[in-house]
Amino acid sequence: MDDILTGASIPDSDYIIIGGTGDLALRKIFPALFWRYLDKQITSEFRLISVSRHLISLESFAKKLRPFCEDAFSRGKASENDWLNFFSLIRLIAVDITSGSGAGALVELVNRRVSLSRPCIYYLAIAPSLFGPTCNLLKKMDLVTPQSRLVVEKPLGQDGLSARAINDGILRVFEESQIYRIDHYLGKETVQNLMALRFANVIFESLWNNNHIDNVQITVAESIGVGDRAAYYDAYGATRDMVQNHLLQLVCLVAMEPPAHFSADQVRDEKLRVLRALRPMEESHVVRGQYIDYVKELDKPSNTETYVAMKLGIDNWRWAGVPFYIRTGKKLTQRASEIIITFKDQLHDIFTKSGDTPSPTQPNRLVVRLQPSEGLRLQLVSKQPGPGGMRLFPSELNLNFDEAFNERLPDAYERLLMDTARGNQTLFMRLDEVLAAWDFIDPIVGKTSNQEPLTYQEGSMGPKDNLFGSSGRCWIDPRMDEF
Ligand code: BG6
């Protein structure tokens with residue numbers, strides 16, 4: 001388990017990507033493996049097996065994949081030789097999951113393992129309806145051993161019931177300790193940094209509660225629309241596509257108690273406690289929106305929300321009375337995601353009372369920028385330099401990770417894929433977390449999905465809402481100058 005702390009090398013492994021020529025594999029999985037190869041975490045001892053329904057040649061696979069790996073070349077990190085050597089690790093085979101035809105070739109390839117203790121990672125980059133049948137086929141072909149691991153990704157169901165059914169199918173073949181459920185937000189650098197910020201520094205923890213924090217805001221804004229994923233998206237909407245997983249995971253990391261150790265189950269136990277402490281949502285605390293052209297793009301009427309904002313309450317000692325405002329949407333002003341912790345005003349303001357200057361209007365804020373320009377900003381109040389009176393002005397400490405580390409930050413998938421080989425489940429969702437998140441989301445969807453969403457202009461920050469009531473709070477938009 002120490003690997004996660006040191007980023008140490010990983011054991012030689014086999015990655016078997018089922019759905020290996022599909023969108024997820026081309027856009028995310030193989031480019032991530034290529035970067036890990038360039039950084040020498042993947043060595044010539046690895047084998048990367050791409051399983052697809054129809055066989056394609058290595059040449060045409062390389063042609064399809066290359067545009068998604070171009071970044072490495074344009075940064076001067078990859079040469080044509082690297083590309084060829086990386087490709088020498090890849091095998092392509094065709095298997096029909098439903099009929100099992102072609103599975104013999106997979107058995108032959110997988111069983112050509114050098115050592116039986118070598119991790120064998122099955123990544124199901126296919127539709128969730130095929131998860132169960134694929135696991136059954138792997139079992140039938142005797143391809144599941146204690147060293148096997150299974151990686152799956154959302155949508156893990158459309159509600160609690162279907163999530164249970166999908167997971168039952170998997171659990172008939174794999175143990176929970178072998179299953180790696182990806183929420184790619186947990187692989188993002190700044191998201192992990194949130195844990196470092198909270199639990200490796202003493203200065204925040206004593207302030208991290210309802211005595212000192214006024215409210216928490218989480219914004220995950222996207223500038224793109226639903227594009228060619230309209231059919232999937234229309235059946236899910238922002239609440240199920242983004243809140244059930246990514247945003248609730250962010251809430252958990254902000255709100256969880258410190259685990260006794262940074263180990264997979266202890267971290268996940270604490271996140272689970274947060275999910276279970278979420279107060280059932282009142283309808284008036286949910287605002288759903290739809291961008292104006294959505295129905296036109298879809299070419300049929302729809303009540304699906306492309307934007308959702310909520311006011312959450314966490315019913316425990318630490319957070320009682322602290323609202324968590326969360327929002328996410330498509331076609332918003334810009335792609336920008338931030339977590340903003342706003343601290344309470346000081347109880348006694350010596351500056352205004354002394355009649356010197358008006359009190360500064362800005363409370364202390366900690367802003368965690370998740371993307372696209374990762375960093376931290378601590379908003380403070382300082383004295384304006386000069387010999388005059390005690391004039392105060394808002395100032396800030398700004399840590400931009402790109403500048404501070406002067407290196408490319410790895411994509412979430414790179415980290416997560418390496419953790420599957422390390423056997424570290426800390427950044428993956430355990431089944432009880434997934435189900436607890438659905439327990440919270442299902443009633444919200446049930447109450448709101450038939451309602452007509454408010455429309456909003458493309459390029460805005462979503463429809464107007466009244467989530468803040470008369471509290472005097474308001475949404476704090478990500479700052480354009482920083483992105
Ligand atoms: C995915 C959602 O899980 O996350 C997409 O299905 C969304 O709709 C994407 O666009 C956002 O991820 P990121 O990493 O670009 O913020």
Side-chain angles (χ1 to χ4, degrees), residues 19 22-29 31-32 35 68 71 123-128 151-159 163 180-194 218-251 253 288-291 294 297-298 302 304-308 326-339 368-375 401 408-417 427-429 433-434 437-438 441 445 458 461-462 478 483:
D23 209 49
L24 177 62
L26 291 174
R27 278 176 197 280
K28 293 292 182 185
I29 304 172
W35 269 111
F68 301 108
D71 185 35
Y123 195 133
L124 305 192
I126 48 180
V151 186
V152 290
E153 198 162 336
K154 66 178 266 272
L156 292 172
Q158 209 174 359
D159 52 23
Y180 292 73
R181 295 182 193 82
I182 288 195
D183 181 318
H184 77 277
Y185 267 58
L186 294 179
K188 290 185 191 274
E189 268 307 308
T190 333
V191 175
Q192 291 165 55
N193 229 318
L194 196 55
I218 301 180
T219 296
V220 176
E222 295 185 86
S223 52
I224 52 162
V226 297
D228 52 12
R229 295 166 75 230
Y232 153 81
Y233 194 88
D234 196 55
Y236 279 77
T239 310
R240 291 188 273 200
D241 181 51
M242 294 292 288
V243 179
Q244 188 273 343
N245 36 79
H246 309 322
L247 275 90
L248 286 187
Q249 286 291 324
L250 296 179
V251 168
L253 293 179
R288 297 164 72 250
Q290 191 183 77
Y291 61 79
Y294 178 74
E297 277 174 29
L298 194 67
S302 167
T304 298
E305 75 287 1
T306 58
Y307 170 97
V308 67
I326 64 174
R327 61 178 170 166
T328 181
K330 304 269 184 207
K331 289 220 175 169
L332 301 183
T333 320
Q334 58 183 331
R335 176 174 187 255
S337 303
E338 285 190 345
I339 300 173
V368 181
R369 292 195 310 267
L370 301 186
Q371 55 192 26
S373 169
E374 291 91 337
F401 291 153
R408 161 190 173 268
L409 293 177
D411 182 73
Y413 280 83
E414 294 175 45
R415 168 58 192 261
L416 296 173
L417 278 163
L427 300 178
F428 297 84
M429 291 181 300
E433 282 182 84
V434 175
W438 278 122
I441 291 294
V445 174
E458 171 176 344
M461 281 305 279
F483 296 98

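These figures come from a predicted structure and were not determined experimentally. For ligands, and for the atoms within them, numbers begin at 1 and follow the listed sequence.
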Please state whether the rings of His246 and Tyr185 are parallel, tilted or perpendicular, taking 30° and 60° as the class boundaries. parallel

Quick one, Gln192 and Arg415 - any side-chain contact, counting heavy atoms below 4.5 Å? yes

OH-OG1 distance between Tyr307 and Thr239, expressed to the nearest 0.5 angstrom: 11.5 Å

Contact set, ligand 1, heavy-atom distance under 4.0 Å, ordered by chain/number, equals Lys154, His184, Tyr185, Lys188, Glu222, Arg229, Asp241, Met242, His246, Lys330, Arg335, Gln371

When Val308 is tested against each of Arg288, Arg240, Met242 for side-chain contact (heavy atoms from CB on, under 4.5 Å), which residue passes? Arg288

What residues form a ring-ring contact (aromatic ring centres under 6.0 Å, His included) with Tyr291, not counting sequence neighbours? Tyr294

Salt-bridge present (Glu222, Lys330; N to O < 4.0 Å): yes

